[in-house]
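Single-structure report; data block below.
Both counts, for ligands and for their atoms, begin at 1 and track the order of listing.
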Amino acid sequence: MFQRVTLRLLHHPFTRAANVVWMLEEIEQPYELEYVDVMGGQHKQPDFKAKNRMGKLPTLIDGDVVATESAAIALYLADRYALGRLAPTPDSPDRATYLRWAFYAPSVIEPGCAANSSKWEFSPGSVGWGTYAEMLDTISGAIGDGPWLLGEQFTMADVVFGGTVRWMTQFGMLERRPEYMSYVERLNERPAWLKAKAINDRIAHERGLDQKR
Ligand SMILES: N[C@@H](CCC(=O)N[C@@H](CS)C(=O)NCC(=O)O)C(=O)O
């Protein structure tokens, strides 16, 4: 049966938009990718900035809706297209834990890793990301015995939180604790991740970007 494509991701495979391809594969909805020439500065042009004033990727278009910020895109997609499967329903006792880890990635892990690797000076009590050591232990506790953040149920929080752990360990901004790496290995076996990776790799290859890494 004919399905109307409404989801359109403004995409470049070397940006956080690559993780949104994974989200789109997890929700199992049709979508289109529109390549943005980041090296050429297309994302800073008025046409792009009319959708996202930050001039950043990812930016997702869903019909008349424009969604930006990776974690917000993830939660939006899960609620709209996979509620109860990839997102606990609002009345579920798991909802708070789900939101906690989805927000923790951009509000604590990202700035915490940047602060640590760039040796920022700050007072841990005055910033939202606190100390690097406490963050490391909190990540370990969140992963726990796994396999996922909510135990047996894989959710979109794993895509956001796990995608951040994968990215930060890969780029040497987060130490590679054994529990982090086995969690990333489990994530790497997700069929939706493997499909998204193949799509991102193919586009990078077609655009001649893989030689520029
Ligand atoms: N907080 C944003 C960050 C977006 C972001 O920084 N995107 C980078 C690529 S990963 C970007 O567009 N950089 C291009 C630029 O700022 O010129 C999110 O999580 O989506």
At what distance is the nearest protein heavy atom to atom 10 (S) of ligand 1, and which residue and atom is it?
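Result for atom 10 (S) of ligand 1: R16 NH1, 3.0 Å.
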
Quick one: look up the protein heavy atom nearest atom 16 (O) of ligand 1 and list residue, atom name and how far away it is.
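Looking only at protein heavy atoms, the one closest to atom 16 (O) of ligand 1 is K56 NZ, 2.7 Å.
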
Indicate the ring-plane relationship of W101 and Y104, choosing parallel, tilted or perpendicular according to the 30° and 60° boundaries.
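Perpendicular, since the angle between the ring planes exceeds 60°.
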
Based purely on interatomic distance, does L57 place a nitrogen or oxygen under 3.5 Å from a nitrogen or oxygen of ligand 1?
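Yes, there is a polar N/O contact under 3.5 Å.
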
Against heavy atoms of [X], which atoms of ligand 1 measure under 4.0 Å?
X   : result
S70 : 18 (C), 19 (O), 20 (O)
E69 : 1 (N), 2 (C), 18 (C), 19 (O), 20 (O)
H43 : 14 (C), 15 (C), 17 (O)
T15 : 9 (C), 10 (S)
K44 : 15 (C), 16 (O), 17 (O)

Count the heavy atoms of every other residue, nucleotide or ligand shown that sit under 6.0 Å from [atom1] of [X], and state whether that count exceeds 12.
X    : atom1 : value
F103 : CZ    : no
K51  : NZ    : yes
R100 : CZ    : no

Of all the heavy atoms in P58, does at least one lie under 4.0 Å from an atom in ligand 1?
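Checking ligand 1 against P58, which is what was asked, there is a heavy-atom contact under 4.0 Å.
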
Salt bridge check, R80 against D62: does any charged N sit closer than 4.0 Å to a carboxylate O?
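A salt bridge is present here (some side-chain N lies under 4.0 Å from a carboxylate O).
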
Determine, using ring centers only, whether H11 and Y35 are less than 6.0 Å apart.
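Between H11 and Y35, which both carry aromatic rings, the centre distance is not below 6.0 Å.
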
Say whether Y31 and E25, considering side chains only, have a donor N or O and an acceptor N or O under 3.5 Å apart.
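Side-chain D/A pair, Y31 to E25: present.
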
